[in-house]
Amino acid sequence: MVPSPSMPAELFSEMTIRPVPREIKTSNTSSSREETRHKHSRSSYSDASPLVSRNNSLTFRPAKRPMTTPDKTIAVINASGRQAASLIRVATAVGYHVRAQLRNLEGVVATEVATNPNVTVLRGELYTKERPAERGQVDVTKNGPISGIGVNHGLISELFRGAQLAFINTTFYGDEQKIGEALAEAAKRAGIQHYVYSSMPDHHAYNEDWPSLPLWASKHKVEDFVRKLKLPATFVYTGIYNNNFTSLPYPLFCTELQPDGSWIWQAPFHPDAKLPWLDAEHDVGPAILQIFKDGVKKWGGGRRIALAYEMLSPREACRFFTKGVGRPLRYVRGPIEVKVKIPEGYRCQLEALEELYRLGKDDPAQQPPYFGDAALEASCPGVALELWEGPRGLEEYANEVFPLEEQANGLTWMLDDDDGGVGGGGGSQDHSQAALSPASEHPDSESEDDDDGLVMRGLKRDDEEWLA
C-alpha cells in the first residue's frame, strides 16, 4: 500500500511496504546483454540480488551452536545508503528487527529494504518545507541553516518507537546539524541503549591552519552534541569507500577510461600519503553489528572507532586495483574535475577538500590525516579487525565487484576483455556519458528523481544516497 501525498509519514510507518512489481526497476539492457557472462562473473554477490554482498561468514559457514533470536530493534536512517543497507542486510539475517527511514521507495536497494520482513519502513524526508521559497526552489543540500527548511520531528520521534539500538548516518539533505541534534534528542527521550553515530572530523578543530570540510564539520558538531547529551554512544569514522571508484564522470573518484582500455584517476591527494580504505557495502554491516553485540561496556563512553581495513597511498591503491581488475589504473595528482551537475553541498565539500590536501605540497608527511586525528588513523586497521575479520580489500573488490557494478551502470569494457583485448575504450566512454544525466536546475524540485542533483536513470547508483 502506498500512502497518498497527504498522509503523514508517521501514520504510514507501521504499514508493511510491499511495492507492486511495476515499482521495481529492471535493467534497460537487452536480454542478450544480460545473459552475457564475462571473466569477472564470479562475485561476492549472491544470486538472489545483484546488490546483496557476501556480508559475513554466516552466509557460508554453518553455526557452531544454536543461536537465539535477538529481541532487539535497531533504528536506522538513510536506509538505502551503503552503510545503512549493509547493516540492515546483516542484522536482519540474524534476527534483529529494523525501523528504517527511506527518502523514497525507488530503486533496487530501497525495494530490497522495504520488502525485508524484518524491516518496518518509515517513508519520508528528515527535513520539512515550512514555507514555499519566495523565488524558485530551495537547494536542500546547502551547508548550514536553510530558509524555509525545517526538521521532520514527527517522523524522527516515530523512528525510535520500540527501538533499543540506533545506527545514525546523517547526510547533507536539509540542515544536517539540526537534523542530527533532533535525532539525538529523540533517541535520548526514547531511552536508546546504544547510539552509534557515523561521524567525521572537523579538521579545523585539530589544527587552526587546516580548513573545515563543510559536510564533515557538520557531523563533528553533531558528535559534540551527542556527547553533551551523555547518550551511551559510539562514533565510527569510515574510510574511503572502495565502491567510490567508477568510470562514470563522478568527481574525485572517477576512473576515466582511456582509448587503450586503461584508466586514469585524478585527485588532490599526495601520491605517497597513506589513506584509509573500506568496502562499505561488504564490511560496515558486520562491524556495526559487532559493536552492538559487544555493547557499550566495550565500545561506549563516546569512543571513536576508525572503520578502515587498509591504509594505502593512491599509488598503492592503483597497484592493488590494477592487479584485481586486470587493467592498468594510473594515478595523477591534480585538481578535482567536476564534469556534471552535483548537489551544491557536495560541491562546497570538494572545494574545501582540494584546499586541505594542497597543504602538504610535495611532502607526504605534511598531508593532514584523513581522520584529522593522527592517533585515530594509526589505529587502522587493528581496531576494525577486532570487530570484523573478513573484510573485502581493494584488490578483491576490483576483481569481483567493480566490473559488475560497472556493467550494472551500463558500461561494456568488461565484455571487451572476453574478446581477447582491452580495446573498446572509446565506445565505453561514450556509453558512460550517455548513461548519466544532470538533474533539473532546482535540486529540491518536487520530482524525487531530481532530488539527488545528479541522476543516473535506472542504473545502480540511482539507488544510493550521496555519501551515505
Without hydrogens or angle criteria, can the side chains of [X] and [Y] be said to hold a donor-acceptor pair below 3.5 Å?
X	Y	answer
His194	Thr234	yes
Glu389	Tyr309	no
Glu405	Tyr397	yes

Is it true that a side-chain atom of [X] and a backbone atom of [Y] form a donor plus acceptor pair closer than 3.5 Å?
X	Y	value
Thr246	Leu248	yes
Asn78	Gly81	no
Ser157	Gly154	no
Gln101	Arg123	no
Gln164	Gly162	yes

Is there a side chain to side chain contact (heavy atoms under 4.5 Å, CB included) between Leu385 and Leu387? Walk through the geometry before answering.
CA-CA 5 Å; Leu385 286 168; Leu387 294 166; over 6 Å; no
Donor-acceptor list for residues 292-303 side chains, cut-off 3.5 Å, not counting sequence neighbours:
residue, atom, partner, partner atom, Å
Asp294, OD1, Gln290, NE2, 3.0
Asp294, OD2, Trp299, NE1, 2.9

Heavy atoms only: give me the nearest [X]-[Y] pair and the separation to one decimal.
X	Y	value
Ala84	Ile77	CB-O, 3.7 Å
Glu281	Ser86	O-OG, 3.0 Å
Ile168	Tyr197	O-CD1, 3.2 Å
Ala79	Ala100	CB-CB, 3.7 Å
Ala280	Asn243	N-OD1, 3.4 Å
Ile192	Tyr195	CG2-N, 4.2 Å

Do [X] and [Y] have side chains that get closer than 4.5 Å, going by heavy atoms?
X	Y	answer
Val338	Pro249	no
Thr128	Val151	no
Ser199	Val222	no
Thr92	His97	no
Phe321	Glu395	no
Leu155	Leu126	yes
Ile291	Val236	yes
Arg99	Ile74	no

If the threshold is 4.0 Å, N to carboxylate O, is there a salt bridge linking Arg89 and Glu112?
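Looking at Arg89 and Glu112, the cut-off is met.
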State whether Glu310 and Arg392 are salt-bridged, where the test is any N-O pair (Lys NZ or Arg NE/NH1/NH2 against Asp/Glu carboxylate O) under 4.0 Å.
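Salt bridge absent between Glu310 and Arg392.
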Rounded to the nearest 0.5 Å, what separates atom [atom1] in [X] from atom [atom2] in [Y]?
X	Y	atom1	atom2	result
His203	Phe371	NE2	CZ	9.5 Å
Thr171	Gln83	OG1	CD	11.0 Å
Leu213	Leu353	CG	CG	5.5 Å
Thr238	Ile305	OG1	CD1	12.5 Å
Arg103	Ser80	CZ	OG	8.0 Å
Ile240	Leu278	CD1	CG	10.0 Å

Residues that [X] engages under ring pair (Phe, Tyr, Trp, His ring centres under 6.0 Å), provided they are two or more places apart:
X	answer
Phe269	Tyr357
Tyr370	Trp216
Phe253	Phe245, Trp265

Please enumerate all residues that pass salt bridge (charged side-chain N to carboxylate O under 4.0 Å, His left out) together with Glu223, with sequence neighbours excluded.
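Arg227, Arg304.
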Verdict with reasoning, Thr170 to Lys219, per side chain to side chain contact (heavy atoms under 4.5 Å, CB included):
CA-CA 8 Å; Thr170 55; Lys219 284 180 170 287; 3.7 Å; yes
Step by step, work out the side chain to side chain contact (heavy atoms under 4.5 Å, CB included) result for Met311 and Glu377.
CA-CA 9 Å; Met311 291 295 295; Glu377 206 139 297; 3.7 Å; yes
Which of these, Leu165, Asp71, Ile88, Asn118, sits in a side-chain contact (heavy atoms from CB on, under 4.5 Å) with Tyr96?
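Option passing the side-chain contact (heavy atoms from CB on, under 4.5 Å) with Tyr96: Leu165.
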For the pair Phe172 and Tyr346, name the ring-plane relationship: parallel under 30°, tilted 30 to 60°, perpendicular over 60°.
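Parallel.
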What do the steps show when you test Glu256 against Lys339 for side chain to side chain contact (heavy atoms under 4.5 Å, CB included), and what is the final call?
CA-CA 12 Å; Glu256 187 173 358; Lys339 300 178 180 179; 3.5 Å; yes
Which pairs, with at least one residue in residues 180-206 and sequence neighbours excluded, count as a salt bridge (charged side-chain N to carboxylate O under 4.0 Å, His left out)?
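Checked against salt bridge (charged side-chain N to carboxylate O under 4.0 Å, His left out) - neighbours excluded - no pair reaches residues 180-206.
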Using the rule given for side-chain hydrogen bond (donor to acceptor under 3.5 Å, both in side chains), can you reason through Gln177 versus Ser218, listing the C-alpha separation, both sets of side-chain angles and the distance that settles it, and then say yes or no?
CA-CA 5 Å; Gln177 183 179 347; Ser218 294; 5.6 Å; no
Mark yes when over 12 heavy atoms from residues, nucleotides or ligands other than Phe320 sit less than 6.0 Å from its CZ; otherwise mark no.
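Open.
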